[in-house]
Number of protein chains: 2
Amino acid sequence: MINKYVKNASDLVSTHEATRNGFLEYALRKSKESVPYLDKAKAFKLILEQKTKQPKDILKLDEVLSSCYEAAGVSVKANKYLTDSDLKDILLEFIKEFLEPSGEQYIEELIYRYLLTSGDALGGRMRNLVGSIANEKLTRNIISQLQVLNISFEYYDKFSKTWLASKNYTIDQVPDIRAIKWILKSGGKRQLIYNLTVPIVKKNIDLVILNCHSEEITGKAFKEMISNPSNYELLGELKGGVDPAGADEHWKTANTALSRVRDNFKKHDIDIPLVFIGAAIEISMSKEIFSQYTTGQITNCANLTVENQLVNLCYWLVTQR
Amino acid sequence: MINKYVKNASDLVSTHEATRNGFLEYALRKSKESVPYLDKAKAFKLILEQKTKQPKDILKLDEVLSSCYEAAGVSVKANKYLTDSDLKDILLEFIKEFLEPSGEQYIEELIYRYLLTSGDALGGRMRNLVGSIANEKLTRNIISQLQVLNISFEYYDKFSKTWLASKNYTIDQVPDIRAIKWILKSGGKRQLIYNLTVPIVKKNIDLVILNCHSEEITGKAFKEMISNPSNYELLGELKGGVDPAGADEHWKTANTALSRVRDNFKKHDIDIPLVFIGAAIEISMSKEIFSQYTTGQITNCANLTVENQLVNLCYWLVTQR
DNA sequence: TAGACTCGAGTAG
DNA sequence: ACTACTCGAGTCT
């Protein structure tokens with residue numbers, strides 16, 4: 001019972017207010033993220049107006065053919081699995097079924113359908129963004145702890161692929177931080193890495209803390225380091241989504257992910273400490289999480305939207321042992 | 001090793017061809033499902049043209065206010081968590097940030113943004129549809145088995161909420177079938193129900209087979225019947241999605257769901273038979289599934305896109321014991 | 001009716 | 001290249 005703000009299962013449950021805040025922030029952000037999608041649609045429309053006089057003219061527009069596929073309902077993901085011949089057939093069917101019946105309005109029909117597909121794409125992008133924002137929230141809290149405890153640290157910038165000293169840190173760099181390393185008062189080394197593929201489980205783990213440092217976080221030497229289970233201090237799952245309807249769904253996923261880590265480290269006779277941090281926690285799953293916490297299957301847990309729990313967990317992450 | 005077409009983990013893996021077929025069917029269906037979303041957008045546009053002269057006029061349009069919220073990026077789901085005041089603020093911000101800067105084009109901007117949100121909604125609808133279609137595929141295969149084996153059955157129509165005799169069955173009723181009941185040659189009763197909330201686990205299970213019949217599948221008597229763990233013959237998870245990228249994600253979910261069933265029946269000293277049926281099975285997860293199959297943690301499994309495996313599993317579902 | 005189901009739109013290691 | 005991560009858009013019980 002390490003986290004003193006998690007005394008009961010119900011402490012973990014997200015409040016309605018937290019959920020509301022999440023959806024509110026989401027809506028505002030989505031409006032902003034829409035802009036490039038709209039710009040693309042408008043540019044696409046202009047090309048269609050200039051270069052086509054009738055639906056079947058789009059078949060000749062090589063430059064915007066992939067946009068036409070999107071209009072026909074093919075996502076970028078689906079596109080990969082279809083052959084050129086499949087795509088051509090879809091497009092022919094699309095022209096015949098939906099564009100030609102629209103008569104003069106075929107460009108409007110095409111653009112409207114393009115926007116439908118774009119909306120789904122935007123939704124996908126937003127989901128990734130929510131995940132990144134959760135990472136960033138955790139990063140800010142961890143760095144705050146390091147600063148408060150006056151522990152100097154280095155952070156790894158994912159673009160320059162270099163470690164920077166804590167004195168260079170500013171809050172606008174948070175999105176680019178892939179890893180953080182520091183040294184405990186006791187002399188122990190710590191290195192936190194996000195979204196690392198852990199060879200022991202052959203899966204990506206949201207949050208990994210190693211008990212050793214490395215200059216690179218790619219390459220052969222690093223690969224060797226992370227292949228040794230005794231170099232791991234802790235692993236964790238972080239779920240930043242706020243939707244209550246997704247809460248149990250994603251906890252089930254996290255639960256299997258954590259089980260895989262536990263089982264695979266156990267093969268090396270290691271009881272690896274695990275944590276779960278989630279923003280959407282409902283009553284029923286809170287009981288399962290708390291039960292795992294009580295029995296030690298997970299070592300710590302927190303609701304990402306409960307300040308005290310998060311701060312306490314970060315303090316512990318930074319200082320443990 | 002009940003399913004004679006599942007001899008190795010690799011037998012479970014989905015082929016590229018199956019994935020392609022899935023995405024192809026998906027794209028064609030999506031084009032058709034788009035129509036009502038486009039119609040709504042066009043109707044919305046007409047109202048805006050008739051009743052507004054400038055962006056802030058939309059605030060007075062009570063009839064289409066919820067459509068305006070959607071245009072501002074608020075999904076129906078998000079809407080539920082926001083207060084009227086939140087929504088009003090979002091709309092004001094939306095007008096100021098995105099509609100007013102568009103000048104004369106504010107209606108186009110509004111409709112384009114409405115379509116983006118609609119596209120995400122359509123995506124959600126499509127995901128549900130894929131799930132239903134998988135259910136229907138299973139239903140058709142089960143009924144075919146019953147017919148081939150000359151076992152008379154009754155099927156429960158979810159709208160009329162009544163049981164109909166097998167002689168009334170036609171293939172176009174498949175989408176409305178919630179349950180099927182039949183009697184084994186040995187005299188044993190069987191009743192299959194989809195998406196049943198099982199009191200023993202307090203969760204919905206995709207596929208449930210009981211060893212007893214009931215007149216209703218709601219109400220007190222039925223509730224009592226399904227509260228008795230010894231009335232269960234088998235439970236299963238069915239995953240109809242074809243996307244390889246979602247395969248492991250959804251298997252992790254299914255795995256926790258199956259574990260919950262197993263653990264909760266175990267509390268009543270029952271080793272309940274479990275099955276997993278999935279359309280998107282990748283190599284790594286196929287090994288986990290096959291391993292569970294070998295050790296008896298699951299009793300049967302099949303790839304929904306592999307005809308032999310599915311038929312064999314349905315034969316077994318229909319005739320077991 | 002609150003709760004938990006459907007699955008793929010993106011992304012990145 | 002390949003695998004598996006992000007999470008909420010719907011739906012139904």
Side-chain angles (χ1 to χ4, degrees), chain A residues 22-23 26 30 33 75-78 80 117-135 158 178 193-198 202-206 217-218 237-254 257 278-280 282-285, chain B residues 22-23 26 30 33 75-78 80 117-135 158 178 193-198 202-206 217-218 237-254 257 278-280 282-285:
Chain A
F23 277 110
Y26 188 90
K30 188 157 70 166
E33 295 294 327
S75 68
V76 173
K77 181 188 261 186
K80 286 191 312 204
T117 300
S118 298
D120 212 353
L122 168 61
R125 180 173 165 72
M126 284 303 299
R127 291 176 185 120
N128 285 306
L129 223 43
V130 170
S132 312
I133 291 169
N135 256 306
K158 65 173 77 167
R178 173 84 202 287
I193 307 166
Y194 292 114
N195 304 313
L196 181 70
T197 301
V198 175
K202 300 194 189 76
K203 295 286 182 282
N204 288 12
I205 307 297
D206 295 339
I217 62 171
T218 52
E237 285 288 306
L238 171 63
K239 297 283 168 196
V242 295
D243 175 23
D248 192 66
E249 180 82 0
H250 304 316
W251 159 242
K252 282 183 292 191
T253 311
E282 296 294 285
I283 294 173
S284 169
M285 63 182 273
Chain B
F23 277 111
Y26 188 90
K30 187 157 72 165
E33 294 294 326
S75 68
V76 173
K77 180 187 261 186
K80 286 192 313 205
T117 300
S118 299
D120 212 351
L122 168 61
R125 179 173 166 71
M126 284 304 300
R127 291 175 185 121
N128 285 306
L129 223 43
V130 170
S132 312
I133 290 169
N135 255 305
K158 65 173 78 167
R178 173 83 200 288
I193 307 166
Y194 292 114
N195 304 313
L196 182 70
T197 302
V198 175
K202 300 195 188 74
K203 295 285 181 282
N204 289 13
I205 307 297
D206 294 340
I217 63 171
T218 53
E237 285 287 307
L238 172 64
K239 297 282 169 197
V242 296
D243 175 23
D248 192 65
E249 180 82 0
H250 305 316
W251 159 243
K252 280 183 291 191
T253 311
E282 295 294 286
I283 295 172
S284 169
M285 61 181 275

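Order of the sequence lines fixes the chain letters, A, B, ..., with proteins taken first and strands second; residue numbering starts at 1 for each chain.
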Novice: List the atom of A257(B), the atom of K252(A), and the distance in Å for their closest heavy-atom pair.
Specialist: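 So the two residues come closest at N-CD, 4.3 Å.
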
Novice: Restricting to non-hydrogen atoms, name the atom on D206(A) and the atom on E237(A) that form the minimum distance, rounded to 0.1 Å.
Specialist: OD2-OE1, 3.3 Å

Novice: Would you mind classifying the nucleic acid contact of G241(A) as base, sugar-phosphate or nothing, using non-hydrogen atoms under 4.0 angstrom?
Specialist: sugar-phosphate

Novice: What contact category does K202(B) fall into here, base, sugar-phosphate, or nothing, at under 4.0 angstrom with non-hydrogen atoms?
Specialist: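 Touches nothing.
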
Novice: Does D206(A) or L122(B) map to a spot on DNA chain D nearer the 5' end, using the closest nucleotide for each?
Specialist: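 That would be D206(A).
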
Novice: Where each residue is assigned the nucleotide of DNA chain C containing its nearest heavy atom, which of A121(A) and A245(A) is assigned the position nearer the 5′ end?
Specialist: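 Whichever sits nearer the 5' end wins; that is A245(A).
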
Novice: Name the nucleic acid region contacted by G240(B), choosing base, sugar-phosphate or nothing; use a 4.0 angstrom heavy-atom cut-off, strictly under.
Specialist: sugar-phosphate

Novice: What is the distance, to the nearest angstrom, from the CD1 atom on I205(B) to the P atom on dA4(C)?
Specialist: 12 Å

Novice: How many whole angstroms separate atom CZ of R127(A) from atom C1' of dT6(D)?
Specialist: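 So the CZ-C1' distance, R127(A) to dT6(D), works out to 10 Å.
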
Novice: Between H250(A) and T253(B), is there a side-chain heavy-atom distance shorter than 4.5 Å?
Specialist: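 No. Closest side-chain heavy atoms not under 4.5 Å.
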
Novice: Over all strands shown, is F23(A) touching base, sugar-phosphate only, or nothing at heavy-atom distances under 4.0 angstrom?
Specialist: sugar-phosphate

Novice: Rounded to whole angstrom units, what separation is found between the CE atom of M285(B) and the P atom of dT3(D)?
Specialist: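 In whole Å, dT3(D) P and M285(B) CE are 13 Å from each other.
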
Novice: For dT13(D), does either OP1 or OP2 sit under 4.0 Å from a side-chain N or O belonging to T197(B)?
Specialist: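 No, T197(B) has no side-chain N/O under 4.0 Å of OP1/OP2 on dT13(D).
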
Novice: Looking at side-chain heavy atoms only, is the closest gap between V130(A) and Y26(A) below 4.5 Å?
Specialist: yes

Novice: I need the CG-P distance between N204(B) and dA2(C), as an integer number of Å.
Specialist: 16 Å

Novice: Using a heavy-atom cut-off of under 4.0 Å over every strand shown, decide if K252(B) touches base, sugar-phosphate, or nothing.
Specialist: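 Contact class for K252(B): sugar-phosphate only.
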
Novice: Given dG8(D), dG8(C), dG13(C), identify the nucleotide with an atom nearest to the side chain of D243(A).
Specialist: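 Among dG8(D), dG8(C), dG13(C), the one nearest the side chain of D243(A) is dG8(D).
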
Novice: Rounded to the Å, how far apart are K77(A) NZ and dC2(D) C1'?
Specialist: 14 Å

Novice: Check whether the side chain of E237(B) and the base of dC5(C) form a donor-acceptor pair under 3.5 Å.
Specialist: no

Novice: Which part of the nucleic acid does S284(A) contact within heavy-atom distance under 4.0 Å: base, sugar-phosphate only, or nothing?
Specialist: sugar-phosphate

Novice: Can you tell me how far C1' of dG8(C) sits from NZ of K80(A), to the nearest Å?
Specialist: 11 Å

Novice: Would you mind telling me which residue lines up with the more 5' stretch of DNA chain C, D248(A) or Y26(B), judged by nearest nucleotide?
Specialist: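 It is D248(A), whose closest nucleotide lies nearer the 5' terminus.
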
Novice: So, is R125(B) near the phosphate of dC7(C), with a side-chain N or O under 4.0 Å from OP1 or OP2?
Specialist: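 No, no such contact exists.
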
Novice: Could you check how far NZ of K158(A) sits from C1' of dG13(C), rounded to whole Å?
Specialist: 10 Å

Novice: For a 4.5 angstrom cut-off between non-hydrogen side-chain atoms, does L129(A) reach M126(A)?
Specialist: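 When only atoms from C-beta onward are counted, M126(A) and L129(A) do touch, with a gap below 4.5 Å.
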
Novice: Rounded to whole Å, how long is the line connecting atom CG of L238(B) with atom P of dC7(C)?
Specialist: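 Those two atoms, CG and P, are 7 Å apart.
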
Novice: Remember a base hit wins even if backbone is also touched, and classify K203(A) as base, sugar-phosphate or nothing at under 4.0 Å, heavy atoms.
Specialist: sugar-phosphate

Novice: Of the listed nucleotides (dG8(C), dA9(D), dT6(D)), which one gets closest to any side-chain atom of H250(B)?
Specialist: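 Shortest atom-to-atom distance from the side chain points to dG8(C).
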
Novice: Have K30(B) and T117(A) got a donor and an acceptor in their side chains that come within less than 3.5 Å?
Specialist: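 Side chains of K30(B) and T117(A): no pair found under 3.5 Å.
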
